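Keep in mind the model is a prediction, meaning the values are calculated, not measured. So you know, we letter chains A, B, ... as the sequences are listed, proteins then strands, and number each from 1.
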2 protein chains.
Amino acid sequence: MSLQHALLGVLEARPMSGYDLVQFFDGSSGYIWAAPQSQIYPTLRRMEQAGLIAGDDEQRGPRLTRTVYSVTEKGLAELRKWLSTPGKPQPVRDPVLLQALHFDMIESEQAHEVLEQFIREQEAAAEEAEGHRDRLLRQETPLLVERLSRHDPTDHDRIARLKAHVFAGLAATARTRAEWAREGQRLLATRKTPGED
Amino acid sequence: MSLQHALLGVLEARPMSGYDLVQFFDGSSGYIWAAPQSQIYPTLRRMEQAGLIAGDDEQRGPRLTRTVYSVTEKGLAELRKWLSTPGKPQPVRDPVLLQALHFDMIESEQAHEVLEQFIREQEAAAEEAEGHRDRLLRQETPLLVERLSRHDPTDHDRIARLKAHVFAGLAATARTRAEWAREGQRLLATRKTPGED
DNA sequence: CACTACATGTAACTAGTTACATGATTCG
DNA sequence: CGAATCATGTAACTAGTTACATGTAGTG
């Protein structure tokens with residue numbers, strides 16, 4: 001369900017083809033929401049049928065066309081409605097936590113290594129998110145610029161700060177999880193009861 | 001795939017029936033991993049077929065039987081192997097972040113309310129996780145007690161602390177997210193560029 | 001006898017993953 | 001002309017969700 005809202009969200013900034021959207025959601029740009037190409041095309045067609053978006057066929061060369069989708073009034077209303085609806089708490093399903101729950105069953109060296117890799121991932125994710133946050137604050141990202149072009153300049157800072165805050169949150173969560181994993185590594189190092197250092 | 005490992009993990013502490021496992025994963029106890037009843041029974045049968053667990057039929061009254069599953073050698077090996085394998089980074093797909101990304105499109109009062117509910121959920125989740133962490137540290141939870149009964153007493157503290165740490169992580173993440181949402185509420189309150197207070 | 005807990009299932013669906021398939025256009 | 005990029009699809013699968021269905025056993 002949310003993929004539709006994610007698509008509406010970016011199309012609201014700028015009409016795009018399925019291919020453009022694939023770059024956005026499938027590639028490394030897939031911050032916040034990720035989706036493979038095979039999911040995007042059928043979803044776009046379903047959304048067009050539902051009247052949330054409208055496709056406009058453009059000629060690119062003699063026999064190649066691309067369909068550029070834009071958000072309809074109905075789509076905009078649906079997006080606004082969804083944005084205003086508190087989401088129900090989704091069930092926790094985190095593989096790393098599940099692994100950590102049973103780290104007493106394996107050698108602590110192996111558990112340490114699993115956490116080590118996790119830490120690297122989380123730190124990398126945090127840095128990427130912080131980079132994106134900064135680019136948003138400096139209003140350097142193409143999509144944001146396009147979005148802002150249709151707003152009163154006095155609103156630009158507030159909009160940029162709101163978007164940036166989402167990436168700050170992504171970064172903060174990743175840092176928290178990395179720190180948790182490091183604490184886990186320290187715990188793994190303690191053996192038996194007396195070695196309390 | 002991970003549901004199987006979650007099931008192996010609790011069955012390793014104590015053999016259980018499908019019904020028992022449903023209480024564990026479907027009810028409020030479904031910390032760390034949640035799964036509905038309709039997913040658990042078929043999964044158990046597939047796992048038995050795969051030789052990861054073995055079912056033992058017990059009579060409960062004249063015409064009611066229950067099947068108690070226990071982890072086989074093969075299941076234990078599979079669990080240990082999975083525990084030692086670093087998991088690939090899973091795509092981020094967080095509805096609240098997706099909503100927050102477009103909070104500039106709705107009234108800030110409504111966005112504030114969405115965050116308010118999110119904060120309440122996260123704080124509640126944090127408190128529940130912290131409660132469970134403390135019960136684990138005091139070695140009060142039934143399953144942990146059962147698990148520890150098959151371990152050298154000198155290991156008990158370390159095992160309990162490792163398990164508790166997972167719930168500490170759950171709590172820490174929830175607190176971080178709640179704090180992020182509160183910061184978001186503050187940002188929403190700022191209007192236009194000059195009102196920087 | 002009614003209610004709760006025990007115990008196990010199935011059907012239909014949505015979302016997401018992995019892999020394959022095809023052709024057009026542009027650029028060096 | 002070959003490679004990269006543009007552009008759009010399909011098939012087969014796994015995981016997870018929602019809802020329904022059925023009967024037994026214990027307790028007040």
To the nearest Å, how far apart are [X] [atom1] and [N] [atom2]?
X: B:Gln23; N: C:dC6; atom1: CD; atom2: C1'; answer: 9 Å
X: B:Asp94; N: C:dA15; atom1: CG; atom2: P; answer: 17 Å
X: B:Asp20; N: C:dC6; atom1: CG; atom2: P; answer: 8 Å
X: B:Arg66; N: C:dG9; atom1: CZ; atom2: C1'; answer: 17 Å
X: B:Asp26; N: C:dA5; atom1: CG; atom2: P; answer: 15 Å
X: B:Leu44; N: C:dT8; atom1: CG; atom2: P; answer: 9 Å
X: B:Glu58; N: D:dT24; atom1: CD; atom2: C1'; answer: 16 Å
X: B:Ile40; N: C:dT10; atom1: CD1; atom2: P; answer: 15 Å

Next on the checklist: For nucleotides 16-28 of chain C, give me one character per nucleotide, 5' to 3': B if any protein heavy atom sits under 4.0 Å from the base, S if the only such contacts are to the sugar-phosphate, - if neither.
Outcome noted: BBBB----SS---
Item to check | Donor + acceptor pair across side chains of B:Gln39, B:Asp26 (<3.5 Å) | outcome: no
Checklist entry - Does a salt bridge link B:Asp104 with A:Arg158, judged by any charged N lying under 4.0 Å from a carboxylate O? => result no
Checklist entry - Can B:Arg135 and B:Glu140 be counted as an ion pair, charged N to O under 4.0 angstrom? => result no
Next on the checklist: Does D:dT8 have its OP1 or OP2 closer than 4.0 Å to a side-chain nitrogen or oxygen of A:Tyr41?
Outcome noted: yes
Item to check | Phosphate contact (C:dC6 OP1 or OP2) by B:Tyr19 side-chain N/O below 4.0 Å | outcome: yes
Checklist entry - Can you list every pair that meets ring-ring contact (aromatic ring centres under 6.0 Å, His included) and has a residue in residues 95-149 of chain A, with sequence neighbours left out? => result A:Tyr31-A:His132, A:His132-A:Phe167
Checklist entry - Would the number of heavy atoms belonging to other residues, nucleotides or ligands and lying under 6.0 Å from CD of B:Gln49 be above 12? => result no
Can you give the donor-acceptor pairs under 3.5 Å from side chains of residues 3-15 of chain B to other protein atoms, not counting sequence neighbours?
from, atom 1, to, atom 2, distance (Å)
B:His5, ND1, B:Met1, O, 3.4
B:His5, NE2, B:Glu78, OE2, 2.9
B:Glu12, OE1, B:Arg147, NH1, 3.0
B:Arg14, NE, B:Glu146, OE1, 3.2

